[in-house]
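One structure below.
Below, chains carry the letters A, B, ... as their sequence lines are ordered, and counting in each starts from 1.
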Amino acid sequence: MSLHVYNSLHRTKELFEPLKPGKVGMYVCGVTVYDYCHVGHARVMVVFDIINRWLQQLGYDVNYVRNFTDVDDKIIQRAAERGIGIDVLTNEMIAAFDEDIDSLGCLHPNHEPRATAHMPEMIAMIEALVEQERAYVSDSGDVLYAVRTFDGYGQLSGKNIDDLESGSRVDVDDSKRDPLDFVLWKMAKPGEPAWDSPWGAGRPGWHIECSAMSCSHLGDTFDIHGGGMDLKFPHHENEIAQARAANGGGFARYWLHNGFVNINAEKMSKSLGNFFTIREVTEKYHPEVLRMFMLGTHYRSPLDFSDSALDAARAGLDRLYETARRLHCEMPDVRCLMDDSVTSHLTSHVSRLPPHFVAAMNVDFNTPEALACLFDLSRLLNKGLDAGEDVSALVDQFRAMTSVLGIVQHDVESWFKSGDVDAARIEALIAERSDAKKARDFARADAIRAELAAEGIILEDSPTGTSWKKT
RNA sequence: GGCAGGGUGGCUCAGUGGUACGGCGGAGGAUUGCAAAUCCUUUAUUCGCGAGUUCGAUUCUCGCCCCUGCCUCCA
């Protein structure tokens, strides 16, 4: 069974064949670190985390690179507003970013390069473009890329260069030879952070950062380049123009783009102001619920964000945890199987996964279908447990699936008992209620249950005793 | 205007040339002292509208309507 991926470059699903057998180089556009990440950013991280995990499951040695853009206009502006240096700001935001993606259960990429640490590579690439006369120094002193010198321009985004010009909403800048030309190197204004270059002190344009960092870590030609849909044009188009020209043809072979997170059918974005940061959401919902929510929709489709959608995701996840808890409590023999999750993403589970699940993931990472398999298995497990059958063979599958998807990765007991609760008191009340039940004093038993319910504590009686959970 | 991607049950989300996966929610039942959890059954004569191709289309083709995104920084 082989992996097929949707390649934005050709707008079709294609058989995935890496450049070097057994190895995959993947570059994903990260974030500009001037503020906290919102749910839209979270989606990119989760989507490519799943892709990374699945590639590893298939046995590939994945070199996953995701950058930080740690110098640009917004960063400079924000740092100035706060009266701090840009490095103070970016370090703070990178630390916050790490917390956020850790909470979402995303594995770290192999490399997380910062733009400011790759100036020589960027300058070298720009020099190559200048030498080829594809780049020029404008009247303002900025170095610009002459888009019309690159024949394939528009291939990725399906745009025609002349349509772009006629429909251009860009204000014509006199220093540009062509309105579509974009900045490779921007001259520093007084007081702005700057790096030396053959064209004077300044900073790189956004697009050259990614071209230079990806090639520097993965080579001129590599397998996968990913990012949000909105990056297709102009960012990825510009990256292609820069890198292919500078490298003499090669660059990313498969382009993967994830869909947006919408709110009320509108794209979540900073400019519209309709965004929620990851930390805002995870104050109210467990981060794994956010991950679950994202897994429920194919990565290329739009994803509508709402409280009711998160509630539904949580209810579904709770169901999965309920199964996990039953396995844990009712089958002490399998407890060890349930406890190996922390490192189990590192090993290949493909042989333990049902064919349906593997097939779903192999067709462009179809997580909704993979989740459907998981829910089917969950039901099977519950049924077996209800019937008192030995389900240990299925536990292995359950563990493998959840591990690949990165859900049900938390302690099953604490999942239902998070928050500030007095466990000892609850246990005492449960014991009292059990006595009352034995004495057939159901009025007292129900009163205790109602008292706890008022605090959000739900009791569940089972043949093996009473357990509780926090709603 | 150009380009890209969509419209599937109350909500959400997969999928397929032969009447549709899963989740959430609803209804009924089993279980329970009663609940909760779990299980079972049920909840789309139907996949935006019209036409065409076909033995047969939600799935292919064409037209139309509607939605979103990109075309400016944007994950």
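- Contact annotation for M268(A): base contact, defined as any heavy-atom pair under 4.0 Å involving a base atom.
- One cannot find a donor-acceptor pair under 3.5 Å joining the base of C40(B) and the side-chain atoms of K383(A).
- Using cut-offs of 30° and 60° for the angle between ring planes, the H236(A) and H257(A) rings count as tilted.
- Note on G40(A): a base of the nucleic acid sits closer than 4.0 angstrom, heavy atoms only.
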Test side chain to side chain contact (heavy atoms under 4.5 Å, CB included) on N67(A) and C210(A); report intermediate values, then the result. CA-CA 8 Å; N67(A) 75 295; C210(A) 284; 4.0 Å; yes
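- U38(B) is paired with A30(B) under the criterion used here, namely a Watson-Crick or G-U wobble arrangement in which both key atom distances are under 3.5 Å.
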Applying side chain to side chain donor-acceptor pair (under 3.5 Å), run through E237(A) and H207(A) and close with a yes or a no. CA-CA 9 Å; E237(A) 200 71 70; H207(A) 312 299; over 6 Å; no
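- Nucleotides G10(B) and A27(B), compared at atom C1', are 13 Å apart to the nearest Å.
- Taking atom P in both C47(B) and A36(B), the straight-line distance is 37 Å, to the nearest Å.
- At a cut-off of 3.5 angstrom, the base of C34(B) holds at least one donor-acceptor pair with the side chain of R449(A).
- Straight-line distance from the CG atom of N264(A) to the C1' atom of G69(B): 16 Å, rounded to whole Å.
- Atom name P, nucleotides C11(B) and G48(B): the rounded distance is 14 Å, in whole Å.
- C24(B) and U19(B) are spaced 26 Å apart, taking the P atom of each and rounding to whole Å.
- For C66(B) and U72(B), the C1' atoms lie 27 Å apart once the distance is rounded to whole Å.
- Counting non-hydrogen atoms under 4.0 angstrom, S301(A) reaches the backbone sugars and phosphates but no base.
- In this structure, S467(A) reaches neither bases nor backbone, as no heavy-atom distance under 4.0 Å exists between it and the strands shown.
- Both the sub-6.0 Å distance and the 45° axial angle are satisfied by K159(A) relative to the ring of F233(A).
- At the heavy-atom level, R319(A) lies under 4.0 Å from the strands shown only through sugar-phosphate atoms.
- You'll find a donor-acceptor pair under 3.5 Å spanning the side chain of K74(A) and the base of C73(B), going by distance alone.
- Here C13(B) presents its P atom at 14 Å from CE of M292(A), a figure rounded to the nearest Å.
- Phosphate contact (OP1/OP2 of A75(B), side-chain N/O of K267(A), threshold under 4.0 Å): absent.
- Residue contacts shown for V261(A) include a base, since a base heavy atom lies under 4.0 Å away.
- As rounded to whole Å, 19 Å separates atom C1' of C73(B) from atom CE of M229(A).
- With both pairing distances under 3.5 Å, C49(B) is matched to G63(B) as a Watson-Crick or G-U wobble pair.
- In terms of polar N and O atoms assigned as donor or acceptor, the side chain of D446(A) comes within less than 3.5 Å of the base of G33(B) in a complementary pairing.
- A 3.5 Å limit on both hydrogen-bonding distances identifies no Watson-Crick or G-U partner for G9(B).
- Residue contacts for H38(A): at a heavy-atom cut-off of 4.0 Å it reaches a base atom on one of the strands shown.
- Within 4.0 Å (heavy atoms only), N366(A) reaches sugar-phosphate atoms of the nucleic acid but no base atom.
- In this entry the distance linking CG of L180(A) with P of G2(B) reads 18 Å, nearest Å.
- U43(B) and G23(B) are spaced 15 Å apart, taking the C1' atom of each and rounding to whole Å.
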Is there a side chain to side chain contact (heavy atoms under 4.5 Å, CB included) between R253(A) and L9(A) once you walk through the steps? CA-CA 8 Å; R253(A) 304 165 62 237; L9(A) 198 56; over 6 Å; no
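- As the counterpart of G1(B), C71(B) is assigned, both hydrogen-bonding distances of the Watson-Crick or G-U wobble pattern falling under 3.5 Å.
- Taking atom P on both nucleotides, U61(B) is separated from U16(B) by 14 Å, rounded to a whole Å.
- No cation-pi contact links K13(A) to Y6(A), judged by a cut-off of 6.0 Å to the six-membered ring centre and 45° from its axis.
- Counting any heavy atom pair closer than 4.0 Å across all strands shown, F260(A) reaches a base atom.
- Spacing between G69(B) and A75(B) at atom C1', rounded to whole Å, works out to 13 Å.
- Base engagement by E460(A) is indicated by at least one non-hydrogen atom pair under 4.0 Å involving a base atom.
- With a cut-off of 3.5 Å on both pairing distances, U16(B) has no Watson-Crick or G-U wobble partner at all.
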Under the ring-ring contact (aromatic ring centres under 6.0 Å, His included) criterion, do Y36(A) and F97(A) qualify, and how do the steps go? CA-CA 7 Å; Y36(A) 295 121; F97(A) 176 90; over 10 Å; no
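- Under the Watson-Crick and G-U wobble criteria, each requiring two contacts below 3.5 Å, nucleotide A44(B) is left unpaired.
- Across all strands shown, D376(A) has heavy atoms under 4.0 Å from sugar-phosphate atoms exclusively, and none from any base.
- A straight line from CG of L320(A) to P of G23(B) spans 10 Å, rounded to a whole angstrom.
- Using a 4.0 Å heavy-atom criterion, one finds that L459(A) contacts the bases of the nucleic acid, with or without backbone contacts as well.
- Rounded to an integer number of Å, the gap from F442(A) CZ to A35(B) C1' is 12 Å.
- Put simply, CG on D364(A) is 13 Å from C1' on A14(B), counting in whole angstrom units.
- Note: CD1 (I75(A)) to P (C73(B)) measures 16 Å, nearest angstrom.
- Remark: the backbone N or O of S269(A) is paired with a side-chain donor or acceptor of N274(A) at under 3.5 angstrom.
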